[in-house]
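Heads up: the structure comes next, in structure tokens.
These numbers come from a predicted model, not from an experiment. Residue numbering restarts at 1 for every chain, and letters A, B, ... go by the order of the sequence lines.
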Protein chains: 2
Amino acid sequence: MSRPEILGRLRQHDVLPTPQRIEVAELLLKKPQHLSADQILDQLRGNGSRISKATVYNTLNLFSEQGLVRQLNVDPSRKFYDSTTHVHHHFYHVDTGELSDIPEHQVGLMKMPSLPAGTVQESLEILIKVRNK
Amino acid sequence: MSRPEILGRLRQHDVLPTPQRIEVAELLLKKPQHLSADQILDQLRGNGSRISKATVYNTLNLFSEQGLVRQLNVDPSRKFYDSTTHVHHHFYHVDTGELSDIPEHQVGLMKMPSLPAGTVQESLEILIKVRNK
DNA sequence: TTCTATGCAAAGACTTTGCATGCTG
DNA sequence: CAGCATGCAAAGTCTTTGCATAGAA
């Protein structure tokens, strides 16, 4: 994903592009993946960046609010950020903590439940936990 | 749920019944619900119990390991413990943080994805996030 | 007695916040 | 200049752990 593409994505989501936000976006958006704030910080630092921890957290919160990435609550100990925002589902490998995508066409719902009164649906996620055979 | 029933449930799951474990089980198992460790501590303390925070956490971890309750990772800030262990799914109200059960017959899966190589399925959970209309 | 559970406080992991500094429009 | 972003450290949550005491088998 090229620099101009990154800038475009940020602007589409009303995120002012700053050097740090561009760094985070370049890393996270370059492929479908699931990374925690700390993993992102480590990788950026490993690449020589001097971005601060607070900025990584702030940036990821901003990206999530603006719909640029999706926050996943699966691992009880930390949040993961998903670079793929269109509807899809996940495998969670409980032995390794790894998350992976379930190809969209591989699951399908037969019927939808009626929602609690006075509410509208925000999302629907399927999580399949797996472990080593 | 009567005292002898509670004791039976604990023994069925190889949990030695102690006064504190019985307290926690009586509170959590009395109806289908989703409570966090802190909510349980507060309620027990409110009822005059002097159980410690560590014991509540230890007990809930033990109950989960033994399959007596189910741990839910939905709210990024805390774990919830579900007194209903059979397969069922959840609504999560993002405005209030409330969790509720989706009646089992109200959802159905059309097809199951193939699992990652070398893994077996541990569970499948559907989470529907809703917000106020 | 021997093993396990409990309670307390301290430690730990992850995340957020306050505030001064620095950049951007 | 005004407003927002950044960095650092401190503070905050939730949870786990170490260790001494207490209880159960």
Side-chain angles (χ1 to χ4, degrees), chain A residues 6-7 10-11 13-28 34-45 47-66 68-82 97 99, chain B residues 3 6-7 10-11 13-28 34-45 47-66 68-82 92 97 99:
Chain A
I6 293 288
L7 292 177
L10 294 177
R11 294 212 182 86
H13 292 269
D14 291 313
V15 173
L16 282 179
T18 68
Q20 290 85 346
R21 290 172 181 177
I22 293 169
E23 279 182 58
V24 173
E26 279 184 326
L27 174 63
L28 182 54
H34 315 90
L35 296 175
S36 68
D38 242 43
Q39 290 174 329
I40 290 172
L41 181 62
D42 288 349
Q43 291 195 34
L44 293 178
R45 288 279 175 83
N47 294 344
S49 170
R50 295 194 207 141
I51 193 171
S52 76
K53 179 180 284 203
T55 298
V56 171
Y57 277 95
N58 289 339
T59 298
L60 290 170
N61 282 333
L62 177 66
F63 283 7
S64 308
E65 284 158 17
Q66 300 301 118
L68 190 58
V69 303
R70 203 147 72 97
Q71 185 177 294
L72 300 177
N73 303 310
V74 172
D75 185 315
S77 69
R78 59 216 171 136
K79 297 174 188 164
F80 279 93
Y81 294 88
D82 191 337
L99 270 171
Chain B
R3 181 66 56 108
I6 294 287
L7 292 177
L10 294 177
R11 294 213 180 85
H13 291 270
D14 292 312
V15 173
L16 283 177
T18 67
Q20 290 84 348
R21 289 171 182 177
I22 293 169
E23 279 181 58
V24 173
E26 280 185 324
L27 174 63
L28 183 53
H34 315 90
L35 296 175
S36 68
D38 242 43
Q39 289 174 331
I40 290 173
L41 181 62
D42 287 349
Q43 290 195 33
L44 293 178
R45 288 279 177 82
N47 294 345
S49 170
R50 295 194 206 143
I51 193 171
S52 74
K53 178 180 283 203
T55 298
V56 172
Y57 276 95
N58 290 338
T59 298
L60 291 170
N61 282 332
L62 178 67
F63 284 6
S64 308
E65 285 158 17
Q66 299 302 117
L68 191 60
V69 303
R70 205 148 72 96
Q71 185 178 292
L72 301 177
N73 303 310
V74 172
D75 186 314
S77 69
R78 56 210 213 262
K79 297 174 186 163
F80 278 93
Y81 295 87
D82 190 339
Y92 178 60
L99 269 171

For the helix from C/dT1-D/dA25 to C/dG25-D/dC1, what angle lies between the axis at the first five pairs and the axis at the last five pairs, to 10 degrees? 30°
Chain B on DNA chain C: first and last contacting nucleotide, 5' to 3', under 4.0 Å to a heavy atom? C/dA5 to C/dC8
N/O donor to acceptor pairs below 3.5 angstrom from side-chain atoms of residues 55-62 of chain B, sequence neighbours left out:
residue : atom : partner : partner atom : Å
B/Thr55 : OG1  : B/Ser52 : OG           : 3.0
B/Asn58 : ND2  : B/Ala54 : O            : 3.2
B/Thr59 : OG1  : B/Thr55 : O            : 2.6
B/Asn61 : ND2  : B/Tyr57 : O            : 3.4

For [X], give me all partners under side chain to side chain donor-acceptor pair (under 3.5 Å), at least two apart in sequence or on another chain.
{"X": "B/Ser64", "value": "none"}
{"X": "B/Tyr81", "value": "none"}
{"X": "A/Gln20", "value": "none"}

Between the protein and nucleotides 12-15 of chain D, which nitrogen or oxygen pairs come in under 3.5 angstrom?
residue : atom : partner : partner atom : Å
D/dT15  : OP1  : B/Lys79 : N            : 2.8
D/dT15  : OP2  : B/Tyr57 : OH           : 2.7

Just jot down the salt bridge (charged side-chain N to carboxylate O under 4.0 Å, His left out) partners of [X], sequence neighbours excluded, or say none.
{"X": "A/Arg21", "value": "none"}
{"X": "A/Glu26", "value": "A/Arg3"}
{"X": "B/Asp82", "value": "none"}

Is the closest side-chain heavy-atom distance between [X] and [Y] below 4.5 Å?
{"X": "A/Leu35", "Y": "A/Gln43", "value": "yes"}
{"X": "A/Leu99", "Y": "A/Phe80", "value": "yes"}
{"X": "B/Lys79", "Y": "B/Asn73", "value": "yes"}

Between P on D/dA25 and CG on B/Leu10, what's the gap in Å once rounded to a whole number? 13 Å
Pair A/Asp38, A/Ser36: side-chain N/O donor-acceptor within cut-off below 3.5 Å: no
Does any residue of residues 16-26 of chain A have a heavy atom under 4.0 Å from DNA chain D, and if so, which ones, in number order? A/Thr18, A/Gln20, A/Arg21
Non-neighbouring partners of A/Arg45 that pass side-chain contact (heavy atoms from CB on, under 4.5 Å), sequence neighbours left out: A/Leu41
